[in-house]
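Read the structure below first, then the notes.
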Amino acid sequence: MQLSRFYFSLLFVCILALSTAQGQAGYHFGTKGGLSLANQNWNGGDRRPYLTYHINAFVETRDPEERGALFAQIGLHNRGSSIGFRTFDNLRNNRAYEFKNISLMVGAKKLISTVFLGAKPYYFLGVRGEYNLTDNLREMQNFFINLTNNNTNPDFTFNSFISREPAFIQKWLYGISIGGGLQFEGGEFFNTALEFTVSPDLNFQYDQGPSTFNNGNALQIRNVTFEVSLVLRFLREVVYE
């Protein structure tokens, strides 16, 4: 996919520039991934959270003196929220609205000069750009229309689902990510970390004008996602002779 190649090329251009700026002989790289608690704000009201996953590849400038590091990462992040409803047998169920986004983030990280639970705490701040790869809105729309047409969900109302019109789905998004973690001691060239992140978007994932799908009202949806990640971190050392 051309878009994926573009993002990966941009990732390594970013880290090359960051490494040059830091003047360090080498860099860290690795993967991070784990669970996401995705949520959305629909016209000012929060929806039910949706438990899903994320995965990233990252590069980070070398920081032997712990003055701070710069990083860049790219990955797949599921955004969305869930909705509860009752079926004809009055059982409570949940279905999730899901947006699969490819995300590129650049930011800065700082270790804290203390030890907690045998690890070094750190915090970071990053800015993100995302591109929406796919969604399940058509599936959700058909599912709820079928429930309504079959009279199997009498408590259901049209404002519980959204229309799958391409013009309403924002393909490009941007936001910030704030977080921290615990960086554990390891070998000379490998260590691990446990990381926590909150990622609110600054623009809308979905922006719909007045529609019968929302009782004649406009509908704007913004993402906010909480993530916990296991980080596998390697050192690539460059020796000048």
Quiz item: Just wondering, do V224 and D201 contact through their side chains at under 4.5 Å, heavy atoms?
Solution: no
Quiz prompt | Validation row: I83, R47 side chains within 4.5 angstrom (heavy atoms) | solution = yes
Quiz prompt | Reported CG-to-CG distance for the pair N101 and L76, which is rounded to 0.5 angstrom | solution = 8.0 Å
Quiz item: Does the ring of Y122 carry K110 above it, NZ/CZ under 6.0 angstrom from centre and within 45° of its axis?
Solution: no
Quiz item: Same cluster for F99 and L219 if Ile/Leu/Val/Met/Phe/Trp/Tyr side chains link at under 4.5 Å?
Solution: yes
Self-check item: Steps toward side chain to side chain contact (heavy atoms under 4.5 Å, CB included) verdict (I74, I102)
Solution: CA-CA 7 Å; I74 186 172; I102 186 169; 4.1 Å; yes
Quiz item: Under 3.5 Å, side chain of N203 to main-chain N/O of W172, donor-acceptor pair present?
Solution: yes
Quiz item: Is there a side-chain contact between R62 and L235 (heavy atoms, below 4.5 Å)?
Solution: yes
Practice problem: Compare all side-chain heavy atoms of Q73 with those of K32 and state whether any distance is below 4.5 angstrom. | Solution: yes
Exercise. Look at R79 together with E227 and state whether they make a salt bridge at an N to O cut-off of under 4.0 Å.
Key: yes
Quiz item: Between D135 and K100, does a side chain to side chain contact (heavy atoms under 4.5 Å, CB included) hold up when you go through it step by step?
Solution: CA-CA 6 Å; D135 63 78; K100 292 185 179 293; over 6 Å; no
Quiz item: So, for A38 and N78, which heavy atoms are closest and what is the spacing to 0.1 Å?
Solution: CB-O, 4.0 Å
Self-check item: Close side-chain approach of E130 to L104, heavy-atom, < 4.5 Å
Solution: no
Self-check item: Validation row: F58, R233 side chains within 4.5 angstrom (heavy atoms)
Solution: yes
Practice problem: Find the distance between CG (L194) and CG (L117) and round it off to the nearest 0.5 Å. | Solution: 10.5 Å
Quiz item: Would you call the rings of F124 and F71 parallel, tilted or perpendicular, where under 30° means parallel and over 60° means perpendicular?
Solution: perpendicular
Quiz item: Among the clusters formed by ILVMFWY side chains lying less than 4.5 Å apart, do I176 and V198 turn up in the same one?
Solution: yes
Practice problem: Starting at OH of Y97, measure out to OH of Y206 and round the result to the nearest 0.5 Å. | Solution: 9.0 Å
Quiz item: Thinking salt bridges, do E139 and R95 make one under a 4.0 Å N-O criterion?
Solution: yes
Exercise. Check whether any side-chain heavy atom of N43 lies under 4.5 Å from a side-chain heavy atom of Q220, and answer yes or no.
Key: yes
Quiz item: When rounded to the nearest 0.5 angstrom, what is the spacing between OH in Y27 and CG in L70?
Solution: 15.5 Å
Quiz item: Do you know the tightest heavy-atom contact between A96 and N136?
Solution: O-ND2, 2.8 Å
Exercise. Verify side chain to side chain contact (heavy atoms under 4.5 Å, CB included) between Q40 and R48, making sure each step is shown before the conclusion.
Key: CA-CA 8 Å; Q40 293 177 320; R48 295 174 182 268; over 6 Å; no
Exercise. Determine, for F204 and R222, whether the Lys NZ or Arg CZ falls below 6.0 Å from the six-membered ring centre while staying within 45 degrees of the axis.
Key: yes
Quiz prompt | Close side-chain approach of I169 and N132, heavy atoms under 4.5 Å | solution = yes
Quiz prompt | Single-linkage hydrophobic cluster I112~L125, side-chain heavy atoms < 4.5 angstrom | solution = no
Quiz item: Taking only residues two or more places apart in sequence or in another chain, which ones pass ring pair (Phe, Tyr, Trp, His ring centres under 6.0 Å) with F29?
Solution: F234
Self-check item: Test side chain to side chain donor-acceptor pair (under 3.5 Å) applied to S177 and R128, step by step
Solution: CA-CA 7 Å; S177 291; R128 291 179 292 107; 2.9 Å; yes
Quiz prompt | Pair T192-F184, side chain to side chain contact (heavy atoms under 4.5 Å, CB included): steps then yes or no | solution = CA-CA 6 Å; T192 61; F184 299 95; 3.9 Å; yes
Quiz item: To the nearest 0.5 Å, what is the distance between CZ (F168) and CD (Q205)?
Solution: 14.5 Å
Practice problem: Search all heavy atoms of N56 against all heavy atoms of G75 and return the closest pair with its distance. | Solution: OD1-CA, 3.3 Å
Quiz item: Is there a path from L133 to L173 through hydrophobic residues (I, L, V, M, F, W, Y) whose side chains come within less than 4.5 Å of each other?
Solution: no
Quiz item: Is a side-chain donor-acceptor pair under 3.5 Å present for H77 with S36?
Solution: no
Self-check item: Y123, OH atom: more than 12 neighbouring heavy atoms under 6.0 Å
Solution: no
Self-check item: Connected via hydrophobic side-chain network under 4.5 Å: L35 and F196
Solution: yes
Exercise. Work out which heavy atom in S81 is nearest to a heavy atom in N39; give both atom names and the distance.
Key: CB-OD1, 4.2 Å
Quiz item: Which distance, rounded to the nearest 0.5 Å, do you find between the CG of N142 and the CG of L137?
Solution: 11.0 Å
